[in-house]
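We're numbering straight along the sequence, starting at 1.
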Amino acid sequence: MAAKVSYDSVEVGTELPPQFFPVTRAALVQYAGASGDFNPIHWNEKFAREVGLEDVIAHGMFTMAEAIRVVTDWAGDPGSVIEYGVRFTKPVVVPDDDKGALIEVSGKVAALLDDRRVRVDLTVMSAGKKVLGMSRAVVQLA
């Protein structure tokens with residue numbers, strides 16, 4: 001696959017379609033099984049509170065993976081992401097109810113680079129708090 005977005009069709013400030021990703025306790029248990037990260041702060045409310053957390057929190061890598069979907073969906077090819085990095089700033093708190101939490105992701109082209117590449121900066125929020133900082137991807141466009 002190749003990126004479906006043409007470098008010539010974007011400019012600094014081009015906004016990517018925002019997306020919203022629900023996070024439930026069930027999703028965290030599934031992610032723990034797939035990733036092998038069974039840290040109880042991600043599934044055991046009692047343990048999470050004992051170590052000083054407000055409640056169970058989503059895995060940082062889970063949050064990071066959900067966020068980059070905005071870029072891969074926009075570009076049309078997950079392989080077009082050349083670089084991706086974030087800083088974990090706040091946890092995504094996942095209550096034990098029917099709704100869970102919501103990760104809200106928006107992005108925009110922040111820089112046009114050489115070789116038909118762009119830098120996309122993401123804003124990643126949950127419950128009104130920025131949960132990932134310095135969330136940036138370099139994307140190879142068509």
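Using a 4.5 Å cut-off between side-chain heavy atoms of Ile, Leu, Val, Met, Phe, Trp and Tyr, with links allowed through other members, I82 and V5 fall into different hydrophobic clusters. Under the 4.5 Å side-chain heavy-atom criterion for Ile, Leu, Val, Met, Phe, Trp and Tyr, V93 and V23 are members of distinct hydrophobic clusters. Residues V138 and V71 are members of separate hydrophobic clusters, defined by side-chain heavy-atom contacts under 4.5 angstrom among Ile, Leu, Val, Met, Phe, Trp and Tyr. M134 and V92 are not part of a single hydrophobic cluster, where members link through side-chain heavy atoms under 4.5 Å apart. The cluster map of Ile, Leu, Val, Met, Phe, Trp and Tyr, joined by side-chain heavy atoms under 4.5 Å apart, puts I68 and M61 in the same cluster.
No side-chain heavy atom of N44 sits under 4.5 Å from any side-chain heavy atom of V56. For the pair V120 and W74, the minimum side-chain heavy-atom distance is below 4.5 Å. Contact of the L113 side chain with the R119 side chain is registered, since non-hydrogen atoms from C-beta on lie closer than 4.5 Å. In this structure, L141 and V118 have side chains that are in contact, with non-hydrogen atoms separated by less than 4.5 Å. At a threshold of 4.5 Å between non-hydrogen side-chain atoms, the residues F21 and R69 count as touching. With contacts defined as side-chain heavy-atom distances shorter than 4.5 Å, the pair V51/I41 qualifies. Taking the side chain as every heavy atom from C-beta outward, Y7 and D115 never approach each other to under 4.5 Å.
Interatomic distance, K4 NZ to D73 CG, rounded to the nearest 0.5 Å: 10.0 Å. Note that the CZ atom of F38 and the OH atom of Y31 stand 11.5 Å from one another [nearest 0.5 Å]. To the nearest 0.5 Å, atoms NZ (K130) and CG (L122) are separated by 10.0 Å. S126 OG to I57 CD1: the interatomic distance, rounded to the nearest 0.5 Å, is 11.5 Å. To the nearest 0.5 Å, atoms CE (M125) and CG (L132) are separated by 11.0 Å. If you take CG on L16 and CG on D121, they are separated by 10.5 Å, rounding to the nearest 0.5 Å.
Counting all heavy atoms, side chain and backbone alike, V81 lies closest to A137 at CG1-CB, 4.4 Å. The shortest non-hydrogen separation linking F88 to G60 is CE2-O, 3.2 Å. Residue S135 comes nearest to V86 through the heavy atom pair OG-CG1, 3.4 Å, listed as atom of the first residue, atom of the second, then distance. Taking every heavy atom of both residues into account, A67 and V124 meet most closely at CB-CG2, 3.8 Å. Of all non-hydrogen atoms in V139 and A75, the two that sit nearest each other are CG1-CB, 4.0 Å. Of all heavy-atom pairs between A58 and V94, the closest is N-CG2, 4.0 Å.
Ring orientation note: the planes of H42 and H59 are close to parallel, at an angle under 30° on the 30°/60° scale.
With hydrogens and angles ignored, the 3.5 Å screen pairs a side-chain donor or acceptor of T89 with a backbone N or O of V131. In this structure a side-chain-to-backbone donor-acceptor pair under 3.5 Å is present from D37 to N39. Judged by distance alone, with hydrogens and angles left aside, the side-chain atoms of T14 form no donor-acceptor pair with the main-chain N or O of V10 at under 3.5 Å. In this structure, S106 contributes its side chain and P18 its backbone to no donor-acceptor pair below 3.5 Å. Between the side chain of S80 and the backbone N or O of D77, at least one donor-acceptor pair lies under 3.5 Å.
Scored by the side chain to side chain contact (heavy atoms under 4.5 Å, CB included) test, D96 finds R25, E45 as partners (sequence neighbours excluded). Take D8 and apply the side-chain hydrogen bond (donor to acceptor under 3.5 Å, both in side chains) test, not counting sequence neighbours, and it matches R116. Applying the salt bridge (charged side-chain N to carboxylate O under 4.0 Å, His left out) criterion to K46, with sequence neighbours excluded, gives E50. Q140 is linked by a side-chain hydrogen bond (donor to acceptor under 3.5 Å, both in side chains) to R117, counting only residues two or more places apart in sequence or in another chain. For A65, the side chain to side chain contact (heavy atoms under 4.5 Å, CB included) criterion is met by no residue, not counting sequence neighbours.
With salt bridges taken as basic N to acidic carboxylate O contacts below 4.0 Å, one links R49 and D55.
Through direct or indirect side-chain contacts shorter than 4.5 Å among Ile, Leu, Val, Met, Phe, Trp and Tyr, W43 is connected to V29.
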